[in-house]
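Heads up: the structure comes next, in structure tokens.
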Amino acid sequence: MASWADSVDSPRAPEENDTPATPPGFEATSTSEPPQSEAGPSNGALEDGQQDDIKTVSAGDTPYTSATSFDDLPLSEELKKGIYTEMKFDKPSRIQAKSLPMILTPPYRSLIAQAHNGSGKTTCFALAMLSRVDPSLQCPQALCVCPTRELVVQNLHVVQRMGKFASITATSTARTDFHLSRNARVTEQIVIGAHGTLKNWVSKRVLNTERVAILVFDEADEMLKADGFASDSTRMISSIRRQNPQLQLLLFSATFNDDVKAFAQKVVGQDANQVYVPRQELSLDVIKQYWVNCPTAQHKTKVLKDMIFPLCEKLGQTIIFVRMRETARALHAAMETDGHRCTSIQGDMEKDARDRVVAEFRDGATKILISTDVLARGFDVTQVTLVVNYDMPVERDLRTPAFETYLHRIGRSGRFGRKGAAFNFVCGDMEKRILEEIHKYFNHEIPEVKHDDEDRFVEVLQEAGLTEG
DNA sequence: AAAAAAC
């Protein structure tokens with residue numbers, strides 16, 4: 001039985017230097033195109049696997065020993081203090097135990113790391129960046145690229161906490177106190193950003209990447225997606241590699257379908273290490289999933305009003321995912337008109353409005369948040385126990401299920417092994433088929449809950465462990 | 001034909 005882990009046993013020999021060389025500013029056109037992402041059942045990432053161990057593929061002859069304690073790792077006292085007293089971590093998680101020795105041991109090889117929601121990926125790359133910085137050099141040395149502003153902010157926060165006792169400076173492209181002027185320069189040692197601003201900063205020579213020794217991609221499969229950020233990402237990689245051939249590239253994500261994984265392996269090169277954790281830690285298993293047949297589109301809103309919102313008061317927090325920005329806006333308005341308190345977020349909103357909505361949600365001031373896929377990945381609010389797929393996640397063609405997106409969306413609940421549940425709203429044959437395919441792909445039960453069966457909704461949330469009863 | 005970044 002093939003699984004994600006098996007398929008890396010004998011990775012194809014990647015061609016070297018297959019990312020195009022580009023001038024600073026990443027202006028060059030990419031000649032290396034990633035494959036079209038076609039998620040299919042061939043990605044056995046979620047099959048039953050007997051292997052309990054994290055699968056690793058190490059390059060070269062460097063021996064790596066799994067770290068049972070943070071004390072086993074080549075980390076400064078200041079960083080360890082941050083780990084123990086600020087983050088209150090006891091010992092490394094499994095992914096940390098495996099990947100940190102690979103990341104922190106010279107020669108600093110690139111790494112592809114797949115680990116599930118809440119398994120401590122952020123800690124891995126935060127420590128990687130913090131420990132690779134030379135404190136005596138006051139310039140950018142570590143870069144982390146993320147798909148959304150919200151993730152940029154969140155990751156900067158983690159780096160700052162972890163590095164609380166180390167004299168290392170960090171900043172992000174989400175900062176509001178920074179305006180491009182002729183003499184503006186980024187001097188912070190760690191920079192976390194989204195593509196647009198990073199590209200802008202580099203081309204305007206506000207950000208000098210000459211001394212960048214480590215480049216991290218969070219949600220790496222998204223960042224290497226053919227019809228998405230791939231060209232920006234590969235241009236940035238080759239540009240920095242031209243300045244520093246020894247660049248350590250770290251690709252982190254919970255999901256790498258076969259196509260993106262093959263491309264990622266090409267990007268990191270044959271000297272890279274790889275780490276994959278098995279499905280047993282997959283958050284899917286702890287998240288109860290259901291589907292609700294909605295005869296008409298109006299029923300979706302009705303189910304929210306009649307079933308979900310009234311029950312939400314008793315739950316933790318809820319995120320409702322929709323496909324389009326306009327739906328987020330309209331649904332929010334419709335709910336508010338009916339006196340149901342909630343907020344909404346999507347990429348078309350003003351930055352400060354986005355920041356405000358996220359801050360209120362993190363505070364717990366708002367219980368229900370309507371969102372596009374801007375928050376589908378990485379967004380970490382421990383109080384989220386319920387996810388609603390108001391629209392089923394689909395690829396651009398609107399017919400192919402977006403398997404990875406589904407996994408990431410429902411992974412917003414049940415953080416760090418806590419309870420979680422997900423409702424999938426299904427309207428029409430297309431969404432029904434999408435649901436079936438997702439069900440088959442993940443081989444996970446998704447029972448139906450009748451849209452008008454109030455008692456059953458209550459029952460189901462009890463089953464999922466979200467309410468006391 | 002969408003969403004994600006951004007000037």
Side-chain angles (χ1 to χ4, degrees), chain A residues 25-27 30 34 36-37 39 143-156 172-176 178-182 184 186 191-207 216-237 253-255 260 319-331 344-355 357-358 369-379 389-409 412 430-431 434:
Chain A
F26 322 131
E27 299 92 344
S30 171
Q36 240 350 89
S37 170
L143 234 59
C144 173
V145 197
C146 318
T148 64
R149 172 185 180 82
E150 284 67 30
L151 227 38
V152 166
V153 172
Q154 185 174 291
N155 286 337
L156 177 66
S172 87
T173 56
R175 63 193 283 181
T176 49
F178 192 78
H179 299 288
L180 293 186
S181 70
R182 190 173 309 239
V186 174
V191 182
I192 300 175
H195 268 312
T197 310
L198 280 180
K199 217 161 47 169
N200 188 24
W201 282 6
V202 170
S203 65
K204 295 234 167 56
R205 303 193 184 276
V206 168
L207 174 64
V216 179
F217 284 90
D218 192 11
E219 307 299 340
D221 62 328
E222 177 80 356
M223 303 310 276
L224 293 174
K225 214 172 160 191
D227 64 349
F229 295 118
S231 57
D232 281 337
S233 297
T234 52
R235 279 172 210 170
M236 181 187 295
I237 292 165
S253 182
T255 51
V260 180
I319 302 182
I320 299 166
F321 284 107
V322 299
R323 193 173 64 84
M324 289 186 298
R325 294 170 171 182
E326 178 51 31
T327 311
R329 191 166 19 219
L331 183 58
S344 66
I345 186 169
Q346 36 90 1
D348 197 32
M349 288 163 50
E350 299 290 339
K351 289 190 188 73
D352 56 347
R354 285 169 66 162
D355 293 347
V357 167
V358 166
L369 176 54
I370 300 166
S371 173
T372 58
D373 280 328
V374 66
L375 293 188
R377 286 171 171 259
F379 185 62
N389 284 322
Y390 186 91
D391 297 313
M392 292 299 287
V394 287
E395 298 292 348
R396 190 178 185 172
D397 62 13
L398 303 189
R399 297 171 26 237
T400 314
F403 299 108
E404 286 79 21
T405 306
Y406 182 81
L407 187 76
H408 285 280
R409 278 185 181 183
R412 293 317 95 212
M430 184 71 85
E431 280 194 318
I434 302 286

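First the proteins, then the strands, lettered A, B, ... as listed; each starts at 1.
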Among [options], which is the nearest nucleotide to the side chain of [X]?
| X | options | value |
| --- | --- | --- |
| Asn200(A) | dA2(B), dC7(B), dA4(B) | dC7(B) |
| Asp227(A) | dA2(B), dA6(B), dA3(B) | dA2(B) |
| Leu398(A) | dA4(B), dA5(B), dA1(B) | dA1(B) |

task: Return yes if the base of dA2(B) and the side-chain atoms of Asp397(A) contain a donor-acceptor N/O pair under 3.5 Å, otherwise no.
output: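 No such pair is found, so the answer is no.
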Whole angstrom value for the distance that separates [atom2] of [N] from [atom1] of [X]:
| X | N | atom1 | atom2 | answer |
| --- | --- | --- | --- | --- |
| Gln346(A) | dA4(B) | CD | C1' | 12 Å |
| Arg377(A) | dA4(B) | CZ | C1' | 10 Å |
| Arg354(A) | dA4(B) | CZ | P | 7 Å |
| Leu207(A) | dA6(B) | CG | C1' | 15 Å |
| Met430(A) | dA1(B) | CE | P | 17 Å |
| Leu151(A) | dA3(B) | CG | C1' | 15 Å |
| Asn389(A) | dA2(B) | CG | C1' | 16 Å |

Are [X] and [N] close enough that a side-chain N or O sits under 4.0 Å from OP1 or OP2?
| X | N | result |
| --- | --- | --- |
| Arg323(A) | dA1(B) | no |
| Arg149(A) | dA3(B) | no |
| Thr197(A) | dA5(B) | no |
| Thr372(A) | dA4(B) | yes |

Contact class for [X] vs. all strands (heavy atom < 4.0 Å): base, sugar-phosphate, or nothing?
| X | answer |
| --- | --- |
| Arg409(A) | nothing |
| Arg325(A) | sugar-phosphate |
| Gly347(A) | sugar-phosphate |

- prompt: In chain order, what residues pass the side chain to side chain contact (heavy atoms under 4.5 Å, CB included) check against Arg175(A), with sequence neighbours excluded?
  reply: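 Arg175(A): side chain to side chain contact (heavy atoms under 4.5 Å, CB included) contacts with Thr171(A), Asp177(A), Phe178(A), Glu188(A), Trp201(A).
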message: Any salt bridge linking Asp391(A) with Arg409(A)? Criterion: basic side-chain nitrogen under 4.0 Å from a carboxylate oxygen.
response: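 Arg409(A) and Asp391(A): not salt-bridged.
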- prompt: Can you list the residues that meet the salt bridge (charged side-chain N to carboxylate O under 4.0 Å, His left out) rule with Asp218(A), with sequence neighbours excluded?
  reply: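 By the salt bridge (charged side-chain N to carboxylate O under 4.0 Å, His left out) rule, Asp218(A) matches no residue at all.
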message: In the structure I gave you, are the side-chain heavy atoms of Arg377(A) and Glu404(A) within less than 4.5 Å of one another anywhere?
response: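 Of all side-chain heavy-atom pairs linking Glu404(A) with Arg377(A), at least one is under 4.5 Å.
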field: Pairwise distance NZ(Lys225(A)) to CZ(Arg396(A)) - rounded to 0.5 angstrom
entry: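 Reported value, rounded in 0.5 Å steps: 10.0 Å.
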query: Taking for each residue the nucleotide of DNA chain B with the nearest heavy atom, is it Ala194(A) or Arg396(A) whose nucleotide lies nearer the 5' end?
result: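 By nearest-heavy-atom nucleotide position, the 5'-most residue is Arg396(A).
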